[in-house]
Amino acid sequence: MPFPYQHAGTDTFTPELFDAELIEQFDPLLVWASRLVSNRKYEGEIRKKGDVVHINSLLRPTVGDYKLTDGMTAQRPETVDQELPINQAKYLQILIEDAQRVQLASKDLNSPINRQMIRAIAREADTFMGGVIAGKATEFPRIAPTAGTFPATLYTAILDMMLHLDENDIPEASRYVVVSPKVKRHLIEHPSIANAAAYGESGATAHGVIARLAGFTVSSTTAMPPGVDLVAGHPDFATYASQFTGFRQGQSENFRADYIDTLHLYGGKIIRYPDLDTRKADNTWDETKPTKGIVKATVAWPA
């Protein structure tokens, strides 16, 4: 978008370069909104705040006994609609002396102030998604370790969460556990965690990953919902839809400088499933009840 004083043929600002750089820096900062914890199956095309993504859940058909004399009875597929509202809109605007010169110099969004702005907008999205997930997770009894038992007690709690998921036939592949930094500090002392540490693995520092254990990818974040220390589950039970609307370039009205900005639209939802959730008379899911595919626990830390 050349300014009036620029010639169209010499305007070289390319918003797509900033888009790619933003996503490259933004995604690894996420934990709750990452693909480790939340799926992105229903993003579609988000244009504005207030958009609604419709998700159809296919009910499980009935398997019948076959008898030669009775033949077979066909069933029509039944679906239950779920709505994913895009109800969050955050913006990022960066003031720079010359948008083209910054881009040509290959600085893009790598300056310290720009990295901090991207970190802030990622934190907003992650905190929001953490609240969505923990808000509908099945609550476990409070974990009460005593002096000298912290690692073993926390490790046992994770195994109890594994048992809950097993008993509800939650898929084993791609399970996760997200823990607070305080839980991480004690959990790493347990031999099973220390031996399964992901430090040094390629990409292990992204999304807060610290270990891979008992079918779980273990991550840690400071963006824990209030009063929650551990959350375990499967990404099929939470979905996150996000879109940056693309960078714009403009001339600041107040400064002898250019600006670039983008709008971040997003939303999140707990996904409901037949046999695990209750269908209401109006053919929607009862979303007041916790999901069985995600569990949470609080630690009673000794004073």
Side-chain angles (χ1 to χ4, degrees), residues 25-38 116 119-120 122-135 137-165 170 172-235 237-238 240 268 293-303:
Q25 291 192 37
F26 179 81
D27 275 357
L29 298 174
L30 303 175
V31 176
W32 299 110
S34 74
R35 287 177 171 83
L36 289 174
V37 178
S38 303
Q116 288 303 313
R119 184 177 294 275
R123 177 72 173 212
E124 288 279 346
D126 223 31
T127 300
F128 163 78
M129 198 61 204
V132 169
I133 292 170
T138 296
E139 189 162 8
F140 263 40
R142 181 167 293 193
I143 303 166
T146 56
T149 69
F150 281 87
T153 302
L154 295 171
Y155 178 69
T156 298
I158 290 177
L159 296 183
D160 288 342
M161 290 177 164
M162 177 187 70
L163 177 61
H164 169 90
L165 299 179
I170 309 304
E172 291 190 22
S174 302
R175 289 180 183 178
Y176 66 83
V177 176
V178 180
V179 302
S180 67
K182 195 168 184 178
V183 170
K184 170 187 171 182
R185 180 257 176 272
H186 292 286
L187 198 57
I188 285 179
E189 291 184 354
H190 194 279
S192 295
I193 295 290
N195 293 337
Y199 295 119
E201 290 186 20
S202 175
T205 56
H207 313 305
V209 173
I210 59 173
R212 308 189 195 279
L213 176 75
F216 290 110
T217 296
V218 185
S219 298
S220 180
T221 178
T222 56
M224 296 295 293
V228 178
D229 288 291
L230 297 92
V231 176
H234 191 282
F237 289 83
Y240 171 73
I294 306 172
V295 293
K296 65 181 178 182
T298 300
V299 178
W301 300 105

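These numbers were taken from a predicted model, which means no experiment stands behind them.
For the pair M161 and A297, the tightest heavy-atom approach, listed with the atom from each and the gap, is CE-CB, 3.6 Å. Shortest non-hydrogen contact noted between D126 and A33 is OD1-N, 2.8 Å. Taking every heavy atom of both residues into account, P225 and G131 meet most closely at CG-N, 4.2 Å.
In this structure the side chain of F216 reaches within 4.5 angstrom of the side chain of L165, judged on heavy atoms. Contact check for M224 versus W32: side-chain heavy atoms found under the 4.5 Å cut-off.
Rounding to the nearest 0.5 Å places CG of L159 at 14.5 Å from NE2 of H164. Here the straight-line distance linking atom CG of L154 with atom CG of L230 works out to 6.5 Å at 0.5 Å rounding. Distance check, rounded to the nearest 0.5 Å: CG of D160 to CZ of F140 gives 6.5 Å. Between L213 atom CG and S192 atom OG the span is 6.0 Å, to the nearest 0.5 Å. For the atom pair I188 CD1 and R185 CZ, the distance stands at 9.5 Å (nearest 0.5 Å).
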Working for side chain to side chain contact (heavy atoms under 4.5 Å, CB included), residues V132 and Y240: CA-CA 10 Å; V132 169; Y240 171 73; over 6 Å; no
Given side chain to side chain contact (heavy atoms under 4.5 Å, CB included), test V218 with V209 step by step and report yes or no. CA-CA 6 Å; V218 185; V209 173; over 6 Å; no
In sequence, state the C-alpha distance, the side-chain angles, and the governing distance for I294 and V231, and then conclude on side chain to side chain contact (heavy atoms under 4.5 Å, CB included). CA-CA 7 Å; I294 306 172; V231 176; 3.6 Å; yes
Would I210 and S219 count as a side chain to side chain contact (heavy atoms under 4.5 Å, CB included) here? Give the steps. CA-CA 5 Å; I210 59 173; S219 298; over 6 Å; no
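Pairs passing the side chain to side chain donor-acceptor pair (under 3.5 Å) check and including a residue from residues 293-303, sequence neighbours excluded, do not occur. For residues 220-235, the pairs satisfying side chain to side chain donor-acceptor pair (under 3.5 Å) are R123-T222, S180-D229, with sequence neighbours left out.
Every residue was checked against the salt bridge (charged side-chain N to carboxylate O under 4.0 Å, His left out) condition with R142, not counting sequence neighbours, and none meets it. For E172, there are no salt bridge (charged side-chain N to carboxylate O under 4.0 Å, His left out) partners two or more places apart in sequence or in a different chain. For L29, the side chain to side chain contact (heavy atoms under 4.5 Å, CB included) partners are I118, R119, A122, not counting sequence neighbours. Residues satisfying the side chain to side chain contact (heavy atoms under 4.5 Å, CB included) test with T149, not counting sequence neighbours, are P145, T146, T153.
Aromatic pair H190/F150: centroids not less than 6.0 angstrom apart.
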